[in-house]
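This report concerns only the one structure given below.
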Amino acid sequence: MSRNRTYRKPLGVVMSHHIRNRRIRKAGVAALIAAASAVALTACGSNDSSSDAKGSSSHASSSAKSSPSDASVHSQAGNQADKQAATLGGGTDKARAATECQPGTLRAKLDTAGISQAGMNHRGTFLRVTNTGDETCVISGYAGVALEGAGHTAIETTARHGSTYFATDPGSHPITLAPGKSAWADLVWTTTGASTAHAKYLQISPTGSNSHSTVPFAQDLDNGTLSLTAWSSKPPING
């Protein structure tokens, strides 16, 4: 008697195939995720590289643009310094010549310079200032003058700057005085007898400061008024 037998696969084998299939599917999913992540990272890296490249390019461009500007600033500064040096004259001697004469190194006095200044109720003489210092200096402008009476009493004084009856005013300009060298200014007054001031002394301030020399000046002059020219490198006198 024959029996129909149904062949059944062992349960353990069936479970083993299912487990294997699940593992394969999980491995496939993991591979897909890994691939996607790699693509994303590659894209990010590409963007970062592009950004860095752009940043480097921008920085280089900025540096390239700033260089001519910096050079221009330095060039302008150099040109300005050159102009200032040219104005001052440059060199040790010329730099010294640009230094203003100090009152303590100047000696002032009256000096006719061998020239007579008299006529039509006008009288005149020269102021002479000498550099007694050891260095070259510059003087310019007009001297300060003031009259004194007997006993060095102050006399109200009016000083008029400009041309005098005997000399044309050279105008204020720098005069270089080496040690021992002098500058002159013409000094003139009138003697018509109008409100006569009886002077005995004259204060002379070469630079117009409070520092001055006092020299004998026994003159009778109108209204305590003096006219004087600016300092000149030689005695100013009309030819």
Checklist entry - Any link between W231 and F166 through a network of hydrophobic side chains (Ile, Leu, Val, Met, Phe, Trp, Tyr) touching at under 4.5 Å? => result no
Checklist entry - Side chains of P179 and T136: closer than 4.5 Å at any heavy-atom pair? => result yes
Checklist entry - Once you round to the nearest 0.5 Å, how far does CG of L127 lie from OG of S205? => result 11.0 Å
Checklist entry - Between D169 and Y142, does a side chain to side chain donor-acceptor pair (under 3.5 Å) hold up when you go through it step by step? => result CA-CA 10 Å; D169 182 30; Y142 299 83; 2.7 Å; yes
Next on the checklist: Nearest 0.5 Å, please: how far is CG in L228 from OG1 in T164?
Outcome noted: 9.0 Å
Next on the checklist: List the residues meeting side chain to side chain donor-acceptor pair (under 3.5 Å) with Q117, not counting sequence neighbours, and say none if there are none.
Outcome noted: D186
Checklist entry - To the nearest 0.5 Å, how far apart are NZ in K109 and OG in S213? => result 11.5 Å
Item to check | Heavy-atom donor-acceptor pair, T157 side chain to I155 backbone, under 3.5 Å | outcome: yes
Next on the checklist: Distance alone, cut at 3.5 Å: any donor-acceptor contact between the side chains of D222 and T192?
Outcome noted: yes
Checklist entry - With the 4.5 Å side-chain cut-off for hydrophobic clustering, are L110 and W184 part of the same group? => result no
Item to check | Distance, nearest 0.5 Å, that separates OG of S116 from CZ of R123 | outcome: 8.5 Å
Next on the checklist: So, taking the atom named NZ in K234 and the one named OG in S182, what distance separates them when rounded to the nearest 0.5 Å?
Outcome noted: 15.0 Å
Checklist entry - Side-chain donor-acceptor pair under 3.5 Å between N121 and T190, yes or no? => result no
Checklist entry - Does V129 belong to the same Ile/Leu/Val/Met/Phe/Trp/Tyr cluster as I175, with side-chain heavy atoms less than 4.5 Å apart forming each link? => result yes
Item to check | Shared hydrophobic cluster, I115 / M120 (ILVMFWY, side-chain heavy atoms < 4.5 Å) | outcome: yes
Item to check | Closest approach of T207 to P103 (non-hydrogen atoms, all atoms of both residues) | outcome: OG1-CG, 3.8 Å
Item to check | Approximate separation, where rounding is to 0.5 Å, of S232 OG and F126 CZ | outcome: 9.5 Å
Item to check | Contacts of type ring pair (Phe, Tyr, Trp, His ring centres under 6.0 Å), residue H173, not counting sequence neighbours | outcome: none
Next on the checklist: For A150 versus T153, what's the shortest heavy-atom pair and its separation?
Outcome noted: O-OG1, 3.2 Å
Next on the checklist: Tell me every residue that passes salt bridge (Lys or Arg N to Asp or Glu O under 4.0 Å) with R128, counting only those two or more places apart in sequence or in another chain.
Outcome noted: D111
Checklist entry - What closest approach, in Å, do A108 and I204 show between heavy atoms, and which atom pair accounts for it? => result CB-CG2, 3.7 Å
Next on the checklist: For a 4.5 angstrom cut-off between non-hydrogen side-chain atoms, does T158 reach N223?
Outcome noted: no
Item to check | Partner set under ring pair (Phe, Tyr, Trp, His ring centres under 6.0 Å) for W189, not counting sequence neighbours | outcome: F217
Checklist entry - Looking at T130, T132, T105, N131, which hits side chain to side chain contact (heavy atoms under 4.5 Å, CB included) with L177? => result N131
Checklist entry - Honestly curious: do L147 and V145 fall in one hydrophobic cluster under the side-chain, below-4.5 Å linking rule? => result yes
Next on the checklist: I need the minimum non-hydrogen distance between G171 and A230, along with the two atoms involved.
Outcome noted: O-CB, 3.5 Å
Next on the checklist: Under the rule for side chain to side chain donor-acceptor pair (under 3.5 Å), what residues qualify as partners of D220, not counting sequence neighbours?
Outcome noted: H198
Next on the checklist: Using the side chain to side chain contact (heavy atoms under 4.5 Å, CB included) criterion, which residues pair with T214? Sequence neighbours excluded.
Outcome noted: E148, H152, Y201, Q203, H212
Next on the checklist: Between L226 and V188, is the side chain to side chain contact (heavy atoms under 4.5 Å, CB included) condition met? List the steps.
Outcome noted: CA-CA 6 Å; L226 296 166; V188 174; over 6 Å; no
Item to check | Pair S211-S209, side-chain donor/acceptor within less than 3.5 Å | outcome: no
Next on the checklist: Which heavy atom of S163 sits nearest to which heavy atom of T229, and what is that distance?
Outcome noted: CA-CG2, 4.5 Å
